[in-house]
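Report on the structure given below.
Chain naming here is simple, since letters A, B, ... match the order of the sequence lines and numbering starts at 1 in each.
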Amino acid sequence: MPEMTYREAVQKALADELRSDDNVIFFGEDVAKAGGAFKVTPGLYDEFGGNRVRDTPIAEQAIIGAALGAAITGLRPVAELMFADFIPVAMDQIVNQIAKYRYMSGGQFTIPLTIRAAQGGGAGFGTQHSACAEAWLMQHPGIMVVSPSTPTDMYGLLRGAIREDNPVFVLEHKMLYNMKEDVADNIQPMRLGEAQIRREGGDVTVVATQLMMHRALEAAETLADEGIDVEVIDLRSMVPMDTETVLTSIKKTSRLVVVEEAPHAAGWGGDIVSLAANEGLYWLDAPVIRVNMGHTLVAYSPPLEDEIIPNANRIAQAVRNVVQR
Amino acid sequence: MDITVKALDEQTRMDMLQRMLDIRYSEEQIQGLFLANLVRGTTHLCDGQEACSVGVAWALKPGDMMTCTYRGHGHALAMGISIKTLMAEMMGKASGCCGGKGGSMHMTDASVGLLGANAIVGAGLPIAVGAALTSQVKGSHHVTVALFGDGAVNIGAFHEALNMAAVWKLPVVFICENNLYGEYSPLHTTTAVENIADRACAYNIPGLIVDGQDVEVVHAHVSAAVERARAGDGPSLVELKTYRYRGHSRTDTGPYRPEGELEAWLQRDPIHILRDRMIEDGQLDAVEFEELQQATERKVAEALEWAKNEPFPLLEAAYQDVYAGGR
């Protein structure tokens with residue numbers, strides 16, 4: 001089996017979609033000639049040329065608005081916003097235009113549009129370059145959101161997103177770009193909306209994504225030595241969300257911990273808790289715990305950043321707490 | 001750009017006159033719909049600006065596209081949305097051009113090239129840039145026009161859109177209907193230049209200052225900019241000097257306007273300018289014009305009655321069209 005990094009998965013998925021469909025185009029700040037700020041997209045400009053792979057001005061409203069305009073008139077654009085922290089710069093185009101364009105026209109348009117951005121903390125980029133964007137995007141019906149956690153998923157979900165006839169945000173965690181994995185020879189484009197159980201266990205369900213999912217797996221190994229058997233669910237797709245896999249797991253384990261790399265208020269972890277309360281309450285044997293950043297921001301100083309973003313120890317402690325109840 | 005305004009042929013003039021009357025009488029009826037409680041929310045009327053909508057629409061070819069604004073009933077009718085489907089949309093009826101989901105501010109019909117009327121000031125410009133990008137990538141020679149008001153030229157999306165379009169030489173024409181007021185504020189209190197077209201130099205593109213009350217003048221200038229874009233020479237910024245007869249929106253009577261201003265602009269009414277020219281050229285007489293007005297009034301009244309009797313959408317529609325593919 002060949003080895004592939006998360007970074008290479010992005011490049012390969014883009015290249016394969018650009019190859020398979022002439023309507024796919026790709027643009028963003030420094031993505032073409034320079035190959036991207038995270039060196040994620042080298043070689044695409046050389047292979048597909050400046051008509052289909054373009055560098056843009058630093059102008060997020062124009063990038064995202066143009067992507068929408070192109071999507072409703074026959075192209076299948078992929079736009080990059082570099083850091084997910086730049087999403088709010090284009091928020092009108094995202095919230096008022098992309099999300100609403102099909103609905104308010106009575107279904108006249110399909111919007112086959114993919115927007116990529118690198119998110120997450122842990123790399124010392126400071127307060128304005130470390131956010132996770134899921135919660136900003138999930139409250140807008142019309143938009144889909146995926147958060148791939150592995151090279152295989154990155155490749156399959158990005159291709160799936162580009163083939164989707166709806167606007168999809170593909171959020172890439174920048175701490176995972178160097179993650180390597182042995183991958184299958186021919187990974188297929190993946191359907192959005194399917195969670196995956198990364199580790200089976202019978203005592204506690206932990207729901208997480210991306211870096212937090214990997215830290216949950218790390219915590220699960222520690223807890224296994226203590227005799228606690230943790231089931232780790234990787235949500236993968238935030239909208240649409242695979243609630244069935246989560247509920248089935250809660251039914252089995254009767255205990256739930258939700259881990260988010262984000263502030264607590266109005267986070268998607270609240271949706272999981274609400275799901276458990278509405279449809280799984282009588283299966284639960286302990287209060288649900290949410291592990292997240294509380295009500296603070298990501299700081300630059302390394303010990304502060306480590307304190308703020310949940311780590312395997314905090315996740316493990318939360319699991320111990322629900323098991324002991 | 002070298003532009004000469006030539007007299008259009010009689011049939012074209014007659015079609016333009018008819019369409020301007022369609023817009024005028026529709027707008028008059030729409031104001032009344034609020035009083036009758038048939039329309040909710042707000043509306044932004046464009047009477048006084050008919051030559052802009054019609055002059056622009058007549059400069060386009062099949063396959064060309066437009067984005068416009070919440071003051072968009074005129075654009076919609078000019079592009080070919082019928083009075084009936086416009087009125088039905090106003091009332092939230094299933095047979096409206098957006099199935100009743102859009103309303104006054106979102107008249108949209110992709111089949112006539114109208115990619116959407118936008119209720120966020122300036123937001124249509126980047127979308128028009130994207131439509132023009134499609135034309136360039138596919139080599140299709142279609143042109144997109146972005147219509148917006150003078151209030152939109154101070155928002156970031158205006159700058160980002162014009163710059164990107166200029167850098168990429170996209171086939172898009174930016175058309176500002178300068179009606180002298182951004183909502184309730186006179187232009188000079190919000191904008192550092194008197195002529196919006198002067199901004200064009202910042203993007204190294206042509207800027208045209210145009211009499212927006214004369215439909216033949218509008219048509220000639222916009223046609224030149226559209227054909228320049230079609231030829232691959234990039235975008236232009238066209239400023240149409242015009243005037244809205246009413247206030248910003250339904251509840252605004254325009255008390256901030258100086259005395260005599262409206263009356264002065266009424267002397268340059270776009271319908272009267274074309275009517276008088278046609279009479280002068282022996283293509284129309286006063287009796288025929290009177291008949292045309294009455295027939296249009298009847299047509300609009302009939303469309304209104306039709307729309308009133310149309311059904312509302314089924315409640316299932318509330319949950320449809322959120323995603324493509326029935327999700």
Under 4.5 Å heavy-atom distance to chain A, tell me which part of A119(B) shows up: side chain, backbone, both or neither.
neither

Take atom NE2 of H140(A) as the centre, draw a 6.0 Å sphere, and report whether it contains more than 12 heavy atoms from other residues, nucleotides or ligands.
yes

E160(B) versus I63(A): any side-chain heavy-atom pair under 4.5 Å?
no

Closest heavy-atom contact between W168(B) and D55(A)?
CZ2-O, 3.5 Å

Rounded to the nearest 0.5 Å, the NZ atom of K101(B) sits from the CE atom of M104(A) at a distance of 12.5 Å

Straight-line distance of I25(A) CD1 to Q136(B) CD, nearest 0.5 Å
9.5 Å

Should we count NZ of K33(A) as having more than 12 external heavy atoms under 6.0 Å?
no

Please check if the number of heavy atoms outside R40(B) that lie under 6.0 Å from its CZ is greater than 12.
no

Can you tell which part of D92(A) gets under 4.5 Å to a heavy atom of chain B, answering side chain, backbone, both or neither?
side chain

CD (E47(A)) with more than 12 external heavy atoms under 6.0 Å:
yes

Which bit of E89(B) is near chain A, if near means a heavy-atom gap under 4.5 Å: side chain, backbone, both or neither?
neither

Other residues, nucleotides, ligands: >12 heavy atoms within 6.0 Å of Y45(A) OH
no

Measure distances from M107(B) to the heavy atoms of chain A and classify the residue's part below 4.5 Å as side chain, backbone, both or neither.
neither

So what's closer than 4.5 Å to chain A heavy atoms on D109(B): side chain, backbone, both or neither?
both

Part of V239(A) within contact of chain B (heavy atom distance under 4.5 Å):
side chain

Engaged part of N23(A) at the chain B interface, taking heavy atoms whose separation is under 4.5 Å
side chain

Got V137(B) and R54(A) here, is their nearest side-chain heavy-atom distance under 4.5 Å?
yes

Answer yes or no: are there more than 12 heavy-atom neighbours, outside N278(A) itself, under 6.0 Å from its atom CG?
yes

Would you check, one step at a time, whether the test side chain to side chain contact (heavy atoms under 4.5 Å, CB included) holds for Y101(A) with N118(B)?
CA-CA 10 Å; Y101(A) 226 76; N118(B) 216 300; 4.3 Å; yes

Using side-chain heavy atoms (C-beta onward) and a distance below 4.5 Å, is H142(B) in contact with T73(A)?
no

Tell me, side chain or backbone of A123(B) under 4.5 Å from chain A's heavy atoms, or both, or neither?
both

Quick check against the 3.5 Å criterion: does Q61(A) have a side-chain atom that pairs as donor or acceptor with the backbone of P126(B)?
no

Between A324(B) and N166(A), what is the shortest heavy-atom contact and its length?
N-OD1, 2.7 Å

Most contact-rich option vs chain B, by heavy-atom pairs under 4.5 angstrom, among I143(A), T110(A), D165(A), I72(A), is I143(A)

With side chain to side chain contact (heavy atoms under 4.5 Å, CB included) as the criterion, how do F109(A) and L115(B) come out once you've worked through the C-alpha distance, each side chain's angles and the decisive distance to 0.1 Å?
CA-CA 9 Å; F109(A) 302 107; L115(B) 297 180; 4.1 Å; yes

Given side chains that start at C-beta, do those of I120(B) and Q93(A) come closer than 4.5 Å, heavy atoms only?
no

Answer whether the closest heavy-atom distance between the side chains of V322(B) and R102(A) falls below 4.5 Å.
no

Side-chain donor or acceptor of Y103(A) paired with backbone N/O of Y319(B) under 3.5 Å:
no

Checking heavy atoms, do the side chain of N96(A), its backbone, both or neither come under 4.5 Å from chain B?
side chain

Let me confirm one number: the NZ-CG distance from K138(B) to L75(A), rounded to the nearest 0.5 Å.
5.5 Å

Decide if atom CD1 of I197(A) counts as having more than 12 heavy atoms of other residues, nucleotides or ligands within a radius under 6.0 Å.
yes

Relative to chain B, which of S105(A), G107(A), A71(A) shows the most heavy atom pairs under 4.5 Å?
S105(A)

I need the residue from A110(B), S111(B), S135(B), A128(B) with the largest number of non-hydrogen atom pairs under 4.5 Å to chain A.
A110(B)

Is a side-chain N or O of T134(B) found less than 3.5 angstrom from the main chain of A70(A), in a donor-acceptor match?
yes

Interface check, chain B: of P57(A), A99(A), G50(A), most non-hydrogen pairs under 4.5 Å belong to P57(A)

Which atom pair, heavy atoms only, marks the closest approach of A62(A) to M164(B)?
CB-CE, 3.8 Å

May I ask you to test the C98(B)-Q108(A) pair for a side-chain heavy-atom distance under 4.5 Å?
yes

